[in-house]
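Heads up, the thing below is written out as structure tokens.
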Amino acid sequence: MSPVVELKNVHKRFGDQHVLKGISLAVNRGEILAIIGQSGSGKSTALRCMDHLETVDDGEITVCGHKLDRKPVNLRSLRQNVGIVFQSYNLFPHLTVLQNITLALIHVKKLSRRKAIEAADRALVQVGLAEKRQAYPEQLSGGQQQRVAIARSLAMDPQLMLFDEVTSALDPQLTGEVLKVIEALAVKGMTMVLVTHEMAFAYRLASRIVFMHQGQVWEEGTGEILKNPATRELQEFVGNGL
Ligand SMILES: Nc1ncnc2c1ncn2[C@@H]1O[C@H](COP(=O)(O)OP(=O)(O)O)[C@@H](O)[C@H]1O
Ligand SMILES: [Mg+2]
């Protein structure tokens, strides 16, 4: 079976800054890939390339059967297959939780209102927020807002979820409740790519870990690479953090 995500020798430049210098990686169905590395090492850029939010300069990306190069892509189909969640929740403040979730279901996925509400309610149950369906974002904690953002992606019924440091803006308790939701998705077999600073979480959950450094895959392996780094860079990055 072909991987859900595959990057082959991907290069990306912003102006004269060479941000991705030949990234290769693959994620199979049901796998969880954690991407770690210092700020500025290119983690977000790599993730954004997977959702075609950035176009690559060189190399090949295949995501859920879509080839992402500089030719036009069926974005509507790609966006239905791939959910992406960022550190900032990007919820519409003037819409209720339910309306935030049904928006794309109705306008992108073209579900009827009734089907959209059903899908939204199912997703809200998955993130443990069924009782907040009529609330507005400002009435929720940061952790709850992030769980709504996750529910909004889940409701699209994606084959792949991308998470970019989704707990970085949250205090430890709220971080815990969001990680719990991600862990439940993992148990259900969701394929995921997770950029994270939560080393213990990555160690426990990830099928594989990629350590990026200066735009390259510097080290890759199971959680064991965190315990026995092969390079000085990963050793310094992990420090006493595990
Ligand atoms: N849209 C952009 N325009 C110009 N430079 C960018 C852009 N996005 C990222 N960069 C630069 O690319 C490098 C890698 O950024 P990023 O992928 O966000 O790293 P990370 O997520 O690992 O912190 C940084 O030096 C950043 O400033
Ligand atoms: Mg980033």
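Excluded from the calculations below are hydrogen atoms, water molecules and symmetry mates; all remaining heavy atoms, backbone and side chain alike, are included. Just so you know, ligand 1 is whichever comes first in the structure, and atom 1 is the first atom listed for that ligand.
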With heavy-atom distances below 4.5 Å as the criterion, would you say the side chains of [X] and [Y] are in contact?
X	Y	result
L20	C49	yes
Q80	R76	yes
D164	V85	no
L160	V5	yes

Taking both backbone and side-chain atoms of [X], is any N or O found less than 3.5 Å from an N or O belonging to ligand 1?
X	value
F14	no
E54	no
V19	no

Classify the contact between Q38 and ligand 1 as side chain, backbone, both or neither, using a heavy-atom distance cut-off of under 4.0 Å.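 Q38 to ligand 1: backbone contact only, side chain stays beyond 4.0 Å.
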Just to confirm my output: which protein heavy-atom neighbour is closest to [atom], and how far is it?
atom	value
atom 18 (O) of ligand 1	S44 CB, 3.6 Å
atom 17 (O) of ligand 1	T45 OG1, 2.5 Å
atom 20 (P) of ligand 1	G40 N, 3.4 Å
atom 22 (O) of ligand 1	K43 NZ, 2.8 Å

Classify the side-chain pair E219/T231 by whether it contains a donor and acceptor separated by less than 3.5 Å.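 A pair is found: one side chain offers a donor N or O, the other an acceptor, under 3.5 Å apart.
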Cut-off 3.5 Å, side chains only: do H197 and S168 have a donor facing an acceptor?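 Judged by distance alone, the side chains do not pair up.
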Looking only at non-hydrogen atoms, which of G37, S39, G42 approaches atom 19 (O) of ligand 1 most closely?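 It is G42 that holds the nearest heavy atom.
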Does atom 26 (C) of ligand 1 have a protein heavy-atom neighbour under 4.0 Å away?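 Not a single protein heavy atom is under 4.0 Å away.
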Restricting to N/O/S atoms, is Q87 within less than 2.8 Å of the Mg ion (ligand 2) or not?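 It does not; every qualifying atom lies at 2.8 Å or beyond.
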Within the structure, is a non-hydrogen atom of Q17 found at a distance of less than 4.0 Å from ligand 1?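 It does; at least one heavy atom falls under 4.0 Å.
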Check: R208 side chain, A26 main-chain N or O, donor-acceptor pair, under 3.5 Å: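 Yes: the side chain of R208 pairs with the backbone of A26.
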When rounded to the nearest 0.5 angstrom, what is the spacing between NE2 in H18 and CD in Q214?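 Interatomic distance, H18 NE2 to Q214 CD, rounded to 0.5 Å: 12.5 Å.
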